[in-house]
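Take a look at the structure below.
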Amino acid sequence: MDNQYNIRGIPAELTEGIWRFADPYVRRALDHTFGELTSEDLKKLCAQQQAQLWMIQHGNRVVGAGTTMIVDYPQMKVCRIITLAGSEFKEWKDMAHMQIELWAASQGCTGVEAYVRRGFIPQLLEIGYKYRYAVVHKSLKE
């Protein structure tokens, strides 16, 4: 079997037509959040060029999708990975991060950040990420 994976950013104007392929993966990643964003929210942000959609294919099968956003802090500009999920993740994660990092650098970013579940930290440490802090959340509705 061919081990070639294709990771590419999707132009904003193609978001609407491609989103149905990304949606299951975006939803899977959002299942682990507090509900700050929905899949529909991210689709709209990508279509409006406020976020970016990434698709991962193996041959002509979609095996994953992700979303990113440029964050302009007062002291630095970074690319935030909002969602990244799919099947065969270990096979394409390095390549996906490399593609995102190259794109982020081309956009003037000096770093890449992500809020992740604790279980992903070891995998990200392997590819050069550094653990800095944890984010906790308390709902005021409960």
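None of these values were measured; they are calculated from a predicted model. Note: hydrogens, waters and symmetry copies are ignored here, and every other heavy atom, side chains too, is used. Residue numbers run from 1 in the order of the sequence given.
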Listing, residues 10-22 side-chain donor-acceptor contacts under 3.5 Å, not counting sequence neighbours, or none:
from: Thr15; atom 1: OG1; to: Ala12; atom 2: O; distance (Å): 2.9
from: Glu16; atom 1: OE2; to: Lys43; atom 2: NZ; distance (Å): 3.2
from: Trp19; atom 1: NE1; to: Asp23; atom 2: OD1; distance (Å): 3.4
from: Trp19; atom 1: NE1; to: Ser39; atom 2: OG; distance (Å): 3.1

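- You'll find the side chain of Thr67 reaches within 4.5 Å of the side chain of Val26, heavy atoms only.
- Across Ser87 and Arg28, no two heavy atoms sit closer than the pair N-NH1, 4.1 Å.
- Under the 3.5 Å distance criterion, the side-chain polar atoms of Gln99 are left unmatched by any main-chain donor or acceptor of His97.
- Placement of Val71 and Ile100 in two distinct hydrophobic clusters is found when ILVMFWY residues are connected by side-chain heavy-atom separations under 4.5 Å, directly or transitively.
- One finds the NZ atom of Lys93 at 13.0 Å from the CD1 atom of Ile7 (value rounded to the nearest 0.5 Å).
- Annotation: the span from Arg27 atom CZ to Thr38 atom OG1 amounts to 7.5 Å, rounded to 0.5 Å.
- More than 12 heavy atoms of other residues, nucleotides or ligands shown are found within 6.0 angstrom of CE on Met95.
- Taken from NZ in Lys130 to CZ in Arg132, the straight-line distance is 6.5 Å, to the nearest 0.5 Å.
- No continuous path of ILVMFWY side-chain contacts below 4.5 Å connects Leu53 to Met98, so the two sit in separate hydrophobic clusters.
- Here the straight-line distance linking atom CG of Asn60 with atom CG of Asn6 works out to 11.5 Å at 0.5 Å rounding.
- Under the 4.5 Å side-chain contact rule for hydrophobic residues, Val63 and Leu84 share a cluster.
- A pairwise comparison of heavy atoms in Ile56 and Ala65 identifies CD1-N, 3.6 Å as the closest pair.
- The closest side-chain heavy-atom distance from Leu45 to Ile82 is not below 4.5 Å.
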Take Asp72 and Val78 through the test side-chain contact (heavy atoms from CB on, under 4.5 Å) and record every step on the way to the result. CA-CA 7 Å; Asp72 242 328; Val78 300; over 6 Å; no
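- Legend: residues meeting ring pair (Phe, Tyr, Trp, His ring centres under 6.0 Å) with Phe89, ordered by chain and number and at least two apart, are Trp92, Phe120.
- No side-chain heavy atom of Thr33 sits under 4.5 Å from any side-chain heavy atom of Leu37.
- Residues Trp54 and Thr68 bring a donor and an acceptor atom of their side chains to less than 3.5 Å of each other.
- Note that CD1 of Ile81 and CE of Met69 are 13.0 Å apart. Values are rounded to the nearest 0.5 Å.
- There is no side-chain donor-acceptor pair under 3.5 Å between Gln123 and Tyr129.
- By the neighbour-count criterion of 12 heavy atoms within 6.0 Å, atom CD of Gln49 is sparsely surrounded, having that number or fewer from other residues, nucleotides or ligands.
- The minimum heavy-atom distance between Ala29 and Thr83, with the atom names listed, is CB-CB, 3.6 Å.
- With hydrophobic clusters built from ILVMFWY side chains whose heavy atoms lie under 4.5 angstrom apart, Ile70 does not share a cluster with Met76.
- Of all heavy-atom pairs spanning Cys46 and Gln52, the tightest one is SG-C, 3.6 Å.
- Tyr5 pairs in a side chain to side chain donor-acceptor pair (under 3.5 Å) with only one of the listed residues (Gln57, Glu88, Glu91), which is Glu88.
- Within the model, atoms OG of Ser106 and CD of Glu101 stand 12.0 Å from one another, a figure rounded to the nearest 0.5 Å.
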Anything under 3.5 Å between a donor and an acceptor, one on a side chain of residues 108-119, the other on a protein residue two or more places apart or in another chain? List them.
from: Thr110; atom 1: OG1; to: Lys77; atom 2: O; distance (Å): 3.4
from: Glu113; atom 1: OE1; to: Tyr73; atom 2: OH; distance (Å): 3.3
from: Glu113; atom 1: OE2; to: Tyr73; atom 2: OH; distance (Å): 2.9
from: Glu113; atom 1: OE2; to: Arg80; atom 2: NE; distance (Å): 2.7
from: Glu113; atom 1: OE2; to: Arg80; atom 2: NH2; distance (Å): 2.8
from: Arg117; atom 1: NH1; to: His32; atom 2: NE2; distance (Å): 3.0

